[in-house]
K.L.:
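Below is a structure I'd like to ask you about.
Here the structure is a predicted model, which is why all the values come from computation and not from measurement.
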Amino acid sequence: METLLIHALEQGLAYGIAALGIFLTYRILDFPDLTVDGSFVTGAAIASLLLSRYGFDPFSVLVIAFVAGAAAGTVTGLLHTKMKITRLLSGVLMMIMLYSINLRIMGRPNLSLLRIDTVTRLVDAAWSGLGPVAILVFITILAMGVKFALDLFLRTELGFALRATGDSETMIIAQGVNTNTMKVLGVAVANGLVALSGALVAQYNGFADVGMGTGTIVTGLAAVIIGGTLIRSSRIGWMTAGVLVGSVIYRLAVVLALRYGYVIGFQASDMKLVTSLLVILALVAPTLRERRQRKVRAC
Amino acid sequence: MLSLRGVSKVFQIGADRKVAIRQIDLDLRSGEFLTIIGSNGAGKSTLLNLIAGTVPPTTGTIRLADMDITGVPPHIRARRIGRIVQDPLAGTAPSMTVAENLALASKRGRRTLRLGLPSRMHRRIRAQLEVLNIGMEDRLDCSVSTLSGGERQALTILMATLAQPEILLLDEHTAALDPSNAAMIVRMTCAFVERLGLTTLMVTHNMEQAIELGDRLVMMHKGEIIHDIAGEAKATTSVGELVDMFSRHHIVDDELLLERVC
Ligand SMILES: Nc1ncnc2c1ncn2[C@@H]1O[C@H](COP(=O)(O)OP(=O)(O)OP(=O)(O)O)[C@@H](O)[C@H]1O
Ligand SMILES: [Mg+2]
């Protein structure tokens, strides 16, 4: 049970970095970006390739993955702003293109990191004094580092412009900001974070698989929604903290469902269905509540 | 200061063409305050959109102090042209705080990785607001979504003036407010326009206001300027005279009639 809890925390925080990216597009920029299902794998694929084939340093591949994800996000942003393709379709197109690109990067559907010095293995060895929580401590430091960096970014002049772009385009154009630039920047940073998360998860799991990104958007949304429900605040610092908490709680639910779900006939493959249903429920709840209130007023 | 030459705007809706602005020529002196009236669909908002750059003209050129700005994108024009629209929600970023909104406005388009609201600036904004005495200084750290429509519109005016534009575009910016808030916003607007000597274009449906405020008045109809008075002629005109003007163009609609009866 204890190791189960540790694993849930580790995974929650590792996927939480992707959830922070999805928070940035979905909540801050009001840009539902589906690229993430592809860019998560791009991060994992590049990390795995560089580690297994070229012997890169496992920390530097995290940075390289971020850059690659940001490049993918930039393309999505340009598809939308320059070519006037809808936001959803821009994301879907990029996600599909990334599927082929990811296969090209890996050269085959999956890459194993067996017997390779991944971050998790390095940390495990270097911080052996911490025992079973060494990796958890490392991932916590990493996730919190990303969280605080994102908080800080959103408090800069550039971050202000980004937040205002998601809030009211009329207003921020009147303040002399090019909203297209802001959208591209936001989607790029978000996908950078998602790819960074993918690179971390691949090293944590010891492999990259071309299908590992399926549902990233939905699990990320689940984390954002759970976090936003538990921690209701309009302050950036609390909101991002909520996203990480939401991601951990989601992973905890996943781990428990996989462990004990068989009692009610639950299979691992049902997870995506259940998650999506939860997200649908969370998304329609406000509209339903509003509709009920309107009915009351009409009577 | 501002000059429009042969400007027209045709909206293409499927196979239909809708002429919203028809060959308009308009010149404004620096510091001139123009009020614009006209029935619904006359093209008043489109005219302001053309000047702000959010709508590209079909023909014609727009010049701002000897510079051709016809092809300049709206966010670049915004450095010289401030704009307030009818919807109080549109002028501010509701999820950000009052202070953050004001900080954004005082940056005049500068977007770097420096802090958006350093404590130094927070103190300065508070001091500036205390002078204005509109009770906003105590709510600096509240998110704008908690403000009323009137308070938001007041904030929008503050933001527009912080950026120190040369031209101010007002599109029925008090129409969504109750009478007392509307009066407050008008007072605030006039004070700023006077203090900064702004060239101002103000669209309103209130004819009394259109006569009372500013130093020149134009009436628009079907994309054209059909009446343009200033100085003595404007000072001595009356709501009745303006309505007669409308009827001479066979455009008496129920709304105008109602306004005369009341
Ligand atoms: N984006 C658009 N697409 C198509 N037609 C438009 C568009 N914007 C305005 N129009 C049309 O142009 C005409 C002028 O509209 P405009 O909004 O400028 O009128 P207005 O004088 O501001 O009216 P109101 O007093 O109702 O605000 C209208 O017939 C309108 O339907
Ligand atoms: Mg209008």
Side-chain angles (χ1 to χ4, degrees), chain A residues 23-31 70 81-82 84 148-186 188-189 192 224 228 231-240 242-243 286, chain B residues 49 52-54 72-97 99-119 121 141-146 152 155-156 159-160 162-165 168-169 171:
Chain A
F23 164 81
L24 180 61
T25 41
Y26 181 74
R27 268 284 140 80
I28 299 290
L29 204 54
D30 194 21
F31 190 124
T81 56
K82 290 280 176 253
K84 310 289 175 213
F148 284 116
L150 182 61
D151 291 351
L152 196 61
F153 172 64
L154 289 174
R155 284 201 200 97
T156 62
E157 292 171 356
L158 207 57
F160 273 28
L162 198 79
R163 287 157 65 191
T165 300
D167 246 10
S168 164
E169 278 199 47
T170 324
M171 173 267 187
I172 197 65
I173 290 175
Q175 295 305 329
V177 172
N178 185 343
T179 51
N180 285 345
T181 313
M182 289 302 135
K183 285 179 193 166
V184 174
L185 176 73
V189 172
V224 170
I231 301 180
R232 291 176 184 277
S233 171
S234 58
R235 282 173 186 271
I236 294 291
W238 284 112
M239 286 162 92
T240 51
V243 173
Chain B
N49 287 338
T54 52
V72 176
H75 69 273
I76 304 284
R77 290 191 206 188
R79 284 170 207 162
R80 305 177 66 185
I81 304 179
R83 185 167 185 231
I84 303 173
V85 294
Q86 181 176 344
D87 180 7
L89 297 180
T92 50
S95 82
M96 298 170 73
T97 68
E100 286 171 339
N101 270 276
L102 288 167
L104 247 177
S106 57
K107 288 294 165 60
R108 308 199 67 183
R110 207 180 71 221
R111 310 295 159 213
T112 67
L113 284 176
R114 258 176 287 185
L115 272 188
L117 179 60
S119 50
M121 177 178 269
D141 297 314
C142 301
S143 89
V144 170
S145 56
T146 64
R152 280 196 204 184
L155 180 62
T156 311
M159 289 167 61
L162 270 180
Q164 303 202 332
L168 187 60
L169 306 175
D171 192 352

K.L.:
With only heavy atoms counted, which part of B:Ile76 is less than 4.5 Å from chain A, the side chain, the backbone, both or neither?
P.N.:
neither
K.L.:
If you count heavy-atom pairs under 4.5 Å between each of A:Leu158, A:Asn178, A:Leu152, A:Ile173 and chain B, which one has the most?
P.N.:
A:Asn178
K.L.:
Would a 4.5 Å heavy-atom cut-off, applied to side chains only, mark B:Lys107 and A:Gln175 as touching?
P.N.:
no
K.L.:
Could you pull out all residues at least two apart from A:Thr170 that satisfy side-chain hydrogen bond (donor to acceptor under 3.5 Å, both in side chains)?
P.N.:
none
K.L.:
List the atom of B:Met96, the atom of A:Asp167, and the distance in Å for their closest heavy-atom pair.
P.N.:
N-OD2, 3.7 Å
K.L.:
Atom CZ in A:Arg163, atom CG in B:Leu104: separation rounded to 0.5 Å?
P.N.:
8.5 Å
K.L.:
Given a strict heavy-atom distance threshold of 4.5 Å, which part of A:Ile172 is in contact with chain B: side chain, backbone, both, or neither?
P.N.:
side chain
K.L.:
Would you compute the distance between atom OG of B:Ser95 and atom CE of A:Met239 and round it to the nearest 0.5 angstrom?
P.N.:
7.0 Å
K.L.:
Show the numbers, then the answer: is there a side-chain contact (heavy atoms from CB on, under 4.5 Å) between A:Phe160 and B:Asn101?
P.N.:
CA-CA 9 Å; A:Phe160 273 28; B:Asn101 270 276; over 6 Å; no
K.L.:
So, are A:Glu157 and B:Arg111 salt-bridged, with charged N and O less than 4.0 Å apart?
P.N.:
no
K.L.:
Extract all donor-acceptor atom pairs below 3.5 Å that involve side chains of residues 83-93 of chain B and protein atoms in other chains or at least two apart in sequence.
P.N.:
{"residue": "B:Arg83", "atom": "NH2", "partner": "B:Asn49", "partner atom": "OD1", "Å": "2.2"}
{"residue": "B:Asp87", "atom": "OD1", "partner": "B:Leu89", "partner atom": "N", "Å": "2.9"}

K.L.:
Given side-chain contact (heavy atoms from CB on, under 4.5 Å), test A:Thr179 with B:His75 step by step and report yes or no.
P.N.:
CA-CA 8 Å; A:Thr179 51; B:His75 69 273; over 6 Å; no
K.L.:
With chain A as the partner, which of B:Leu117, B:Ile81, B:Val144 has the greatest number of non-hydrogen pairs under 4.5 Å?
P.N.:
B:Leu117
K.L.:
Mind checking the CZ-OG1 spacing from A:Arg235 to B:Thr97? Nearest 0.5 Å is all I need.
P.N.:
8.0 Å
